[in-house]
K.L.:
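Shown below is the structure under consideration.
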Amino acid sequence: MPRPRRRPPVAEAGLMSHLRTTVWGPAEFVGLPPRRLLAEGLFAGVLAVVAITGVGAVGAWTGRTALAGGEAGLIVAVALGVYLLVTGAGRALVGIVAVLGACLALLTPQAAAGLVLEQRGRVQPVVVTAVEGGPGVGIGHGRYLCSVASPEGVPLSTRIWRGCGQSTRPGDALEVVYDPEGKVPPRGVDPEAERGRLAGVAALACALVAGCAVAVVRSFRLSPASSSP
């Protein structure tokens, strides 16, 4: 019985090289990466970060739903991914950058809302009227959510999770910070949570710039002819 013919090693090596180039980018340079591409990648990354965080901050400050919800930031992240594909960046790196951009677009509005409340917010005491959630309930990673009302008995439309815990009971007093202009929903007072969001935004921004620079640098080809499989 004849055995199946094995593909020549040269063909296998060519196929693996093509796959590696497609996934991670050709990176056809020796030594340090070209300065032009490094500058281009850093510029594109910084520009994307400024655009994503900028629209998120403007949306939180002005209360515009399209900007405050992160949709505009997601469009910027998609545009960045398309740009990297056009430059010939590796598909894996394009995917990583796109995911980082999407995460930044979704996290920025929350962090920006916290900054808005820090700048013009007012602290108001409220009374807990009901407590829901907790481990195993499936609400926000096991968080507890408190329905609250003002001391005059006017209920707030937003449920509070900051300061609401397992030991919280109806009738307990909490503090919320609210926007006098009504453009940002009220939230419980928790400086540690706000600092954590800002740290997350900073980490995602740095990772996005670095990922974009690597993707652009690795897109370098010696000549158009070398791009053929």
Side-chain angles (χ1 to χ4, degrees), residues 37-123 140-141 143 156-162 176-217 219:
L37 286 182
L38 180 60
E40 180 182 341
L42 291 174
F43 176 77
V46 171
L47 184 63
V49 167
V50 171
I52 292 174
T53 57
V55 296
V58 171
W61 188 265
T62 62
R64 296 183 179 180
T65 306
L67 301 180
E71 290 85 353
L74 290 174
I75 293 175
V76 175
V78 171
L80 179 62
V82 172
Y83 159 75
L84 293 177
L85 287 174
V86 171
T87 62
R91 300 300 186 268
L93 294 176
V94 173
I96 291 173
V97 171
V99 170
L100 290 172
C103 293
L104 182 62
L106 296 176
L107 182 60
T108 294
Q110 296 296 323
L115 290 177
V116 171
L117 291 175
E118 182 179 343
Q119 291 296 318
R120 67 186 185 206
R122 300 289 185 270
V123 177
H141 304 289
R143 290 174 176 170
L156 272 67
S157 59
T158 304
R159 292 186 296 178
I160 305 301
W161 65 267
R162 294 180 179 87
V176 299
V177 57
Y178 69 96
D179 179 15
E181 300 183 11
K183 295 177 180 178
V184 175
R187 58 178 60 176
V189 178
D190 190 351
E192 292 296 331
E194 301 301 339
R195 283 193 287 267
R197 289 185 186 275
L198 292 176
V201 169
L204 284 172
C206 293
L208 178 60
V209 173
C212 188
V214 171
V216 173
V217 166
S219 69

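Computed from heavy atoms alone, side chains included, the values below leave out hydrogens, waters and symmetry copies.
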K.L.:
If you apply the rule side-chain contact (heavy atoms from CB on, under 4.5 Å), what do you find for V214 with L93, and how did you get there?
P.N.:
CA-CA 8 Å; V214 171; L93 294 176; 4.1 Å; yes

K.L.:
So, for A51 and V76, which heavy atoms are closest and what is the spacing to 0.1 Å?
P.N.:
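Distance-wise, the nearest heavy atoms are CB-CG1, 3.9 Å.
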
K.L.:
Kindly give the heavy-atom pair with the smallest separation between A102 and A77, and that separation in Å.
P.N.:
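The pair with the smallest heavy-atom distance is N-CB, 3.9 Å.
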
K.L.:
Flag the pair V49 / L104 as yes when at least one side-chain heavy-atom distance between them is below 4.5 Å, and no otherwise.
P.N.:
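A side-chain contact under 4.5 Å exists here.
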
K.L.:
Rounded to the nearest 0.5 Å, what separation is found between the CG atom of L80 and the CD1 atom of I75?
P.N.:
14.0 Å

K.L.:
Work out which heavy atom in L117 is nearest to a heavy atom in Y178; give both atom names and the distance.
P.N.:
CD2-C, 3.7 Å

K.L.:
Should we say atom CD of E181 is surrounded by more than 12 heavy atoms from elsewhere, each under 6.0 Å from it?
P.N.:
yes

K.L.:
Measure across L156 and P186 and return the closest heavy-atom pair with its distance rounded to 0.1 Å.
P.N.:
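In terms of heavy atoms, the two residues are closest at CD2-CG, 4.0 Å.
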
K.L.:
Could you state the interatomic distance from SG (C206) to CG (L100), rounded to the nearest 0.5 Å?
P.N.:
11.0 Å

K.L.:
Minimum heavy-atom separation for G41 and C212, please, with both atom names.
P.N.:
O-SG, 3.6 Å

K.L.:
I'd like to check V176 versus T158 (side-chain heavy atoms, cut-off strictly below 4.5 Å). Are they in contact?
P.N.:
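Contact flag for V176/T158 side chains = no.
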
K.L.:
Surrounding CZ of R120 (heavy atoms of other residues, nucleotides or ligands, distance under 6.0 Å), is the total greater than 12?
P.N.:
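More than 12 heavy atoms, drawn from other residues, nucleotides or ligands, come within 6.0 Å of this atom.
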
K.L.:
Minimum heavy-atom separation for G200 and L107, please, with both atom names.
P.N.:
C-CD2, 3.8 Å

K.L.:
Working to the nearest 0.5 Å, report the span between CG of L47 and CG of L42.
P.N.:
12.5 Å

K.L.:
Just to verify, which of L204, I52, L74 counts as forming a side chain to side chain contact (heavy atoms under 4.5 Å, CB included) with L106?
P.N.:
L74

K.L.:
Are any of the side-chain heavy atoms of L85 and R91 separated by less than 4.5 Å?
P.N.:
yes

K.L.:
Using 0.5 Å steps for rounding, measure from the CG atom of D179 to the CZ atom of R187.
P.N.:
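Interatomic distance, D179 CG to R187 CZ, rounded to 0.5 Å: 11.0 Å.
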
K.L.:
Looking at T108 and A105, would you say the former's side chain and the latter's main chain have a donor-acceptor pair under 3.5 Å?
P.N.:
no

K.L.:
By side chain to side chain contact (heavy atoms under 4.5 Å, CB included), which residues pair with V58, not counting sequence neighbours?
P.N.:
T62, L67

K.L.:
Are the side chains of E118 and L115 in touch, meaning some heavy atoms are under 4.5 Å apart?
P.N.:
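Result yes, sub-4.5 Å side-chain heavy-atom pair found.
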
